[in-house]
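Here it is, the structure in full.
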Protein chains: 2
Amino acid sequence: MISSRDVAKMAGVSQSTVSRVLNNPESVKPDTRNKVLRAIEELGYQPNLIARSLVTNSTRTIALISGTLSNGFFVETTNSIVDLATNRGYKTMVYFEGAMALRDIFDSIRGNKVDGILLSSIKLDDPMFEEIERSGIPYMLFNRRPRKGGNYVILDNFSAAEMITHHLLELGHRRIAYISGETNISTFFERKIGFEQVLREAGLSLQPDLFHVCDTSSSEVGKITLKLMHMSNPPTAILCATDAMAFSCMDAVLSMGLRIPEDVSLAGIDDISMASHHAIQLTSVGHHKFRIGEIAAENLIEMIEHGVESDRPRQIILQPELVIRKTTGRKR
Amino acid sequence: MISSRDVAKMAGVSQSTVSRVLNNPESVKPDTRNKVLRAIEELGYQPNLIARSLVTNSTRTIALISGTLSNGFFVETTNSIVDLATNRGYKTMVYFEGAMALRDIFDSIRGNKVDGILLSSIKLDDPMFEEIERSGIPYMLFNRRPRKGGNYVILDNFSAAEMITHHLLELGHRRIAYISGETNISTFFERKIGFEQVLREAGLSLQPDLFHVCDTSSSEVGKITLKLMHMSNPPTAILCATDAMAFSCMDAVLSMGLRIPEDVSLAGIDDISMASHHAIQLTSVGHHKFRIGEIAAENLIEMIEHGVESDRPRQIILQPELVIRKTTGRKR
DNA sequence: CTGAAAGCGCTTACAG
DNA sequence: CTGAAAGCGCTTACAG
């Protein structure tokens, strides 16, 4: 491999000068600069970024630890985060939750000296959170947050759940099923609280046989949906904690030959782009598409480049908008 | 930051021994090994992988350069590639086509000394292809291939297009519109050839007003769809070169208040997972889900670990299966 | 089984 | 404006 020594030799200068031409061109006389540039060209020299990183202690790499792409929400955030980082001159190391323990991913990331971390996969009481804070590596959480503190950008999940539940109540629904993911995750925790709160205000209560927690996989959601719709007194509406779950739920409902919303209303939360497809038309509530990922990435890069003010965590809560489409209708 | 020197000092051994404990534990006496291990534990030592890479000349990193996640096909390959790589102990640097010129991505990748490259975004006559070959970095292309040679795993696009076109002809369709992406990409080129071939065999020909090439974006496909369906003599069936395009097409058709397949039949190619959703039920043709990405990653890792046999390129062509669902029906 | 020394390919004070 | 020297944190022959 060609190194800066080779370039230096060919240009008849020192290695330091080659380095300067690369990193601070104005500091070297045009004449010498051109000699170096020509040598670089001639040799097809490619600086070894690994070596550079070792001395500068910066890799221009951010790590993205994201929920699985089976959830369309993370498809949108992953796409926009990677593109934004790329445009800003950062490489993105991607990990999807589940393939490896967060602990091991974090160790790998530390060893690789990434400049910053973007993380969706944190639990409410995750022991990793404190470690990440302590590591001093700039980070932004997105979509989920820990119980206390941290830098994050999330949806106002409580409000989102309130809004969509209100909508269902207004349509006359009283038997509303709720399918949630594990409530040790802030998103699911906060959405459930919002749902319960509105029920309570309406003089209703969360009925155990209409409330289900599952692992958010399509097969699990499907099973629960079938169980619900086979009840002697099935719900007239189903609220799913995410749009991705609502898609699975819809799939199961339709597979039974039932119609939406005639036989059962269906709603989700997140308002991912597929929700607006004319074949889906899912009523949902969420923030404008893509923005969560972008905001997280923007803030992270700012922290990397202008330093972290650890006394003032970045906590951004986006306000949701209700989007009524075709999967919710009056109770019959 | 704690280095192996600190560990060595604390354990009362040399840096070499610390290195051995990490990389070849059996080569050091249990006694010394334990002293070192204890020191590592005590100091919370994390080896600097950047420094290691500089000397071993291996980063355990693969670069994935993928088509955009707006196309569900690449969602599935990205998900399975990243997970497979992670499980095998490789990090994945991800780039999406379009955010940066392939030329610049490649330079960045070379500088970062990745162990291998997984690339979907190659054109038929892409000047970058030769450069990649020449670089000597192990690589696998997937989904698309260059005109000649290379390591790749692709669908038998010609057969896929043949099969789906046959299906449409058998349903009685004669005015079949075809919406394609740019034909300087092998996928679109081969699919178009397959489509034309079957038409020709049936004594039909590709009619200019029914054949459209676009940039595959949802808005472009939508525009073309509207144009087609507003013709005085609209097509009775539309074949889209990818399922992702078929989804956009479906969206546009439904937005006009038309029904599928009553007013127009619709088919795609790829058979991505969303195609089987009960609200979509898209007739398509493709290989079993996820496998293309996995096969590409498996082969790449094998090349990285067991060496490249450059005289025998890896060329894997997967056979498609036709999956008839609800978007295609008899011509009325 | 272990250590001292050299080296991977850069950058960065320091001196001139 | 430029060069010689030291150093980033590892690994790897080599010697013992």
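Values below: all heavy atoms of this structure, side chains included; hydrogens, waters and symmetry mates excluded. Per chain, numbering begins at 1; letters A, B, ... match sequence-line order.
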B:T17, nearest nucleotide to its side chain (from D:dG9, D:dT11, C:dT2): C:dT2

Interatomic distance where CG belongs to B:N24 and P belongs to D:dT11 [whole Å]: 11 Å

Presence of B:T32 side-chain N/O under 4.0 Å of C:dT2 phosphate oxygens OP1/OP2: yes

Between C:dT11 (P) and A:N57 (CG): distance, integer Å: 14 Å

Gap between atoms CE and P, on B:M1 and D:dG7 respectively (whole Å): 20 Å

B:V55, nearest nucleotide to its side chain (from D:dT2, D:dT12, C:dT12): D:dT12

Integer-rounded Å distance: D:dT11 P and A:L54 CG: 12 Å

d(CZ, B:R5; C1', C:dA6) in whole Å: 15 Å

N/O (side chain, B:S16) to phosphate O (OP1/OP2, C:dA4) under 4.0 Å: no

Phosphate-side-chain proximity, B:S19 and D:dT11, N/O vs OP1/OP2 below 4.0 Å: yes

A:S3, nearest nucleotide to its side chain (from D:dC10, C:dC10, C:dT12): C:dC10

Identified pairing partner of D:dA13, criterion: Watson-Crick or G-U wobble below 3.5 Å: none

Side-chain ion pair, B:E130 and B:R134, N-O less than 4.0 Å: yes

Residue mapping more 5' on DNA chain D - nearest nucleotide basis, B:Y45 or B:R20: B:Y45

Touch class at under 4.0 angstrom, heavy-atom based, for A:V18 against every strand present: nothing

Carboxylate-amine/guanidinium proximity below 4.0 Å for B:E131 and B:R103: yes

Note: A:E294-A:R291 ion pair, threshold 4.0 Å (strictly below): yes

Between C:dC10 (C1') and A:N23 (CG): distance, integer Å: 9 Å

Between A:S186 and A:Y152: side-chain donor-acceptor atoms closer than 3.5 Å: no

Base partner of C:dA4, which must satisfy Watson-Crick or wobble distances under 3.5 Å: none

N or O in side chain of A:S14 less than 4.0 angstrom from D:dA4 OP1/OP2: no

Integer-rounded Å distance: D:dG3 C1' and A:K29 NZ: 14 Å

Phosphate contact (D:dC8 OP1 or OP2) by B:N48 side-chain N/O below 4.0 Å: no

Spacing of B:Q15 atom CD relative to C:dA6 atom C1', expressed in whole Å: 12 Å

N/O donor-acceptor pair under 3.5 Å between B:N112 side chain and B:V114 backbone: no

